[in-house]
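Please read the structure below before turning to the comments.
Just so we're on the same page: letters track the sequence lines, and every chain starts at 1. Predicted, not measured: the structure shown is a model, and the values here were computed from it.
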There are 2 protein chains.
Amino acid sequence: MAVTLHDIAEKTGVDVSTVSRAMNNKSNVKEETKQRIWQVAQTLGYRPNRVARSLVTQKTNTLGLVMPSTKCLGHTLFSWMLEGISLEAEKLGYSLSFSVVDIGIQGEKTAITKLEEHRVDGLILGWFKEKYIEESTLVQLAQREIPFIVIGDRHLSSRDINMIACDNFLGAYKATNHLIDLGHEKIALISGRTDNPIVKNRLAGFNAALEQAGIHYSDQSIKRLMKEEDFSAAGAGERGMRSLLDSDEEFTAVFVLSDMCAAEAIRAIQQRGLNVPNDYAVVGFDGAEYGRLLNPSLTTVKQPYREIGQKAVRMLKQLIAGEVLPKNRVWIEPQLIIRESCGAQRTATATQ
Amino acid sequence: MAVTLHDIAEKTGVDVSTVSRAMNNKSNVKEETKQRIWQVAQTLGYRPNRVARSLVTQKTNTLGLVMPSTKCLGHTLFSWMLEGISLEAEKLGYSLSFSVVDIGIQGEKTAITKLEEHRVDGLILGWFKEKYIEESTLVQLAQREIPFIVIGDRHLSSRDINMIACDNFLGAYKATNHLIDLGHEKIALISGRTDNPIVKNRLAGFNAALEQAGIHYSDQSIKRLMKEEDFSAAGAGERGMRSLLDSDEEFTAVFVLSDMCAAEAIRAIQQRGLNVPNDYAVVGFDGAEYGRLLNPSLTTVKQPYREIGQKAVRMLKQLIAGEVLPKNRVWIEPQLIIRESCGAQRTATATQ
DNA sequence: TATATGTATGCAAACGTTTGAATATAATTG
DNA sequence: CAATTATATTCAAACGTTTGCATACATATA
């Protein structure tokens with residue numbers, strides 16, 4: 001049986017309340033008594049029971065992290081996010097309770113319910129697409145007493161919901177500008193599904209950059225230059241690229257909205273005996289580690305999910321403390337990683 | 001304030017104990033009363049307080065997962081493992097408490113201590129190298145009452161410690177045999193640090209395959225054919241490969257002990273204007289997703305960490321139930337993924 | 001009808017802490 | 001030295017459950 005405050009109290013001949021205060025290093029207990037109590041606690045191998053403590057203090061110092069089970073976990077972004085979250089949680093004294101949710105009939109409700117039952121102090125909801133957790137569910141959650149933060153770009157009309165995400169507009173803008181700076185004027189696009197808010201924002205950034213540079217395509221060109229694919233499905237990049245190569249439309253660069261698709265696109269180009277970046281420049285989106293391992297290595301936009309995770313925890317802490325966040329929509333700026341696939345970098349070390 | 005059993009008791013005019021029994025669907029409660037209680041619980045939005053429950057039942061239904069913070073999280077293997085663990089934990093009714101540990105002065109002790117304080121029912125210790133958690137610490141932990149499982153190949157002399165890992169010997173054996181089957185007789189090796197048990201086992205598998213095929217190298221050749229590098233450090237594969245290409249020793253294939261290094265090796269070969277697999281066959285180790293995105297796609301050994309995570313949870317459950325495991329060392333068989341980098345597969349789809 | 005069996009509910013203690021209020025002891029003050 | 005204040009400690013209730021035991025009532029048995 002684990003040793004409790006009572007055991008220490010008995011051994012030292014003092015009341016449990018005194019022992020409790022001593023263990024929490026409260027001021028109103030004599031230094032000598034403290035020492036004696038600590039001594040005994042030490043030798044007995046005392047470990048405070050956080051369960052009991054939580055029951056009376058009404059807080060668990062635990063944050064709940066909920067993720068959809070749809071292969072997100074394998075994604076680079078998730079690892080970064082988890083790292084950011086867990087390190088910052090650790091730093092701020094929180095434990096982390098992790099749940100994956102089988103998307104489907106109300107999976108998310110059971111997961112959130114479970115965490116509610118565990119009385120976590122706050123909740124981080126990662127990357128749920130609109131269709132998996134509808135806004136109405138979030139609004140409902142906001143009415144319960146537990147504070148939460150949504151991670152990932154999505155459309156939200158309610159102001160009661162706090163969200164943090166990558167600035168997809170800015171990322172696409174940077175990538176496109178990079179291509180423009182390198183002299184490209186005809187830029188093809190392998191996109192994601194355009195009903196996805198993430199994709200919408202990236203397209204907007206892409207268009208903004210073109211417009212600013214005074215580049216304009218005919219409606220017909222746009223139709224031929226843009227391939228709408230599911231950018232998280234294997235084979236999408238290959239299909240999109242081949243379709244582009246087969247079209248009559250001329251272009252010198254491709255902006256691909258995910259690194260995985262970009263890598264497939266590069267393969268597809270190379271398989272036709274063509275060269276990247278000489279025949280076509282390719283830029284991706286995500287910033288996955290393996291980008292540097294490709295040949296040519298991939299120029300891409302790095303989504304700042306480590307930072308996002310970290311910041312999410314900080315925001316959540318504020319929320320838990322009852323503070324009101326200055327902004328309830330936060331977008332973090334992504335960085336352009338320049339490597340070889342656009343020709344801007346020719347050096348061939350593998351460490352970058 | 002959250003609604004409790006008392007609230008329901010008051011509303012239904014019945015004792016809390018009856019309400020408790022009803023909520024847990026115990027048999028000794030009249031059906032009609034149950035219905036009435038459930039009804040009230042429903043409308044009041046009752047959520048059982050697991051903290052309170054845990055205090056009396058003395059179990060939390062929570063598993064603790066402890067990981068070193070040393071960039072493991074970004075590794076493919078970790079994602080798989082986490083997925084396996086979390087899905088299986090979910091299935092078995094456990095919650096998951098996740099902790100990263102800053103390696104350093106007793107980092108691991110504080111993390112484990114924290115989880116102990118949280119009274120997790122069991123512990124999964126992921127991938128700690130010998131130098132981060134020494135066996136003595138594990139033995140000490142085994143003497144406390146909390147059951148745990150160590151994930152990852154490492155040398156352990158104590159029989160009180162339960163371990164599960166990838167069968168590195170078998171993986172290397174499979175990879176080497178694949179090369180031998182393809183007719184290769186001179187196989188170079190880009191290894192990890194040979195003081196690492198993982199590496200030792202892989203080397204043993206490599207040698208076993210060679211020996212079985214009746215292939216034997218002179219001591220001098222061995223020295224020239226094997227490059228010892230830190231296979232998880234960026235640039236190691238490139239350095240190792242260049243060094244091999246610069247040597248006079250002839251060889252037709254390279255076995256690289258990590259996918260990352262293998263990818264770098266391929267780049268290094270290609271940068272000399274040589275071809276993979278025609279000039280050199282390359283086989284990796286890990287089974288990372290991005291292997292299929294390389295050009296040529298990478299033949300590799302897939303470490304079964306999804307399965308390992310899953311199995312670890314199952315074993316832990318048994319341990320918690322007080323059962324004795326049939327084996328306290330479990331090695332899971334890895335699979336060879338045959339793609340293009342050895343020439344065994346020439347088709348060029350990107351989905352495989 | 002009295003006794004035994006079973007079923008449904010209530011009572012009260014327990015889990016291991018924290019914490020406000022009460023008390024006892026020591027130190028300070030006029 | 002008595003009165004006041006500060007310090008150190010104890011008391012007891014509370015947090016929200018679970019669960020063994022006692023009790024009440026209904027039903028079956030002799």
Within the structure shown, what part of the strands sits under 4.0 Å from [X] by heavy-atom distance: base, sugar-phosphate, or nothing?
X     : answer
B:T4  : sugar-phosphate
B:S54 : nothing
B:V14 : sugar-phosphate
B:R50 : nothing

> Any chance the side chains of A:H118 and A:S97 put a donor and an acceptor closer than 3.5 Å?
Replying inline: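 No, no side-chain donor-acceptor pair sits under 3.5 Å.
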> For A:R53 and B:R36, take the nucleotide of DNA chain C holding the closest heavy atom to each; which residue's nucleotide lies nearer the 5' end?
Replying inline: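 Closer to the 5' end of DNA chain C: B:R36.
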> On DNA chain C, nearest-nucleotide positions of A:A52 versus B:T18: which is more 5'?
Replying inline: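 With A:A52 and B:T18 compared, the 5'-side residue is B:T18.
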Find the distance [X]:[atom1] to [N]:[atom2] and express it as a whole number of Å.
X     : N      : atom1 : atom2 : value
A:E32 : D:dA8  : CD    : P     : 11 Å
A:N24 : D:dA8  : CG    : P     : 17 Å
A:K26 : D:dT7  : NZ    : C1'   : 16 Å
B:N28 : D:dT18 : CG    : C1'   : 13 Å

> Are A:E145 and A:R119 ion-paired here, with the side-chain N under 4.0 Å from a carboxylate O?
Replying inline: no
>> Both A:K30 and A:V16 contact DNA chain D. Taking the nearest nucleotide for each, which residue is further toward the 5' end?
In response: A:K30
>> Counting only heavy atoms from other residues, nucleotides and ligands, does the tally under 6.0 Å from CD of A:E10 exceed 12?
In response: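 Open: at most 12 neighbouring heavy atoms sit under 6.0 Å from CD of A:E10.
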> Going through the checks in order, is the salt bridge (charged side-chain N to carboxylate O under 4.0 Å, His left out) test met by A:E116 and B:R50?
Replying inline: CA-CA 9 Å; A:E116 269 191 284; B:R50 296 202 185 224; over 6 Å; no
>> Going 5' to 3' along DNA chain C, between which two nucleotides do contacts with chain B fall, using a heavy-atom cut-off of 4.0 Å?
In response: C:dA8 to C:dG16
> Taking all non-hydrogen atoms of both residues, which atom of B:R53 and which atom of B:N24 are closest, and how far apart?
Replying inline: NH2-OD1, 4.1 Å
> So, does B:H75 use its side chain to make a donor-acceptor pair with the main chain of B:L77 at under 3.5 Å?
Replying inline: yes
> If only atom types and distance count, is the side chain of B:R329 paired as donor or acceptor with the main-chain N or O of B:I161 below 3.5 Å?
Replying inline: yes
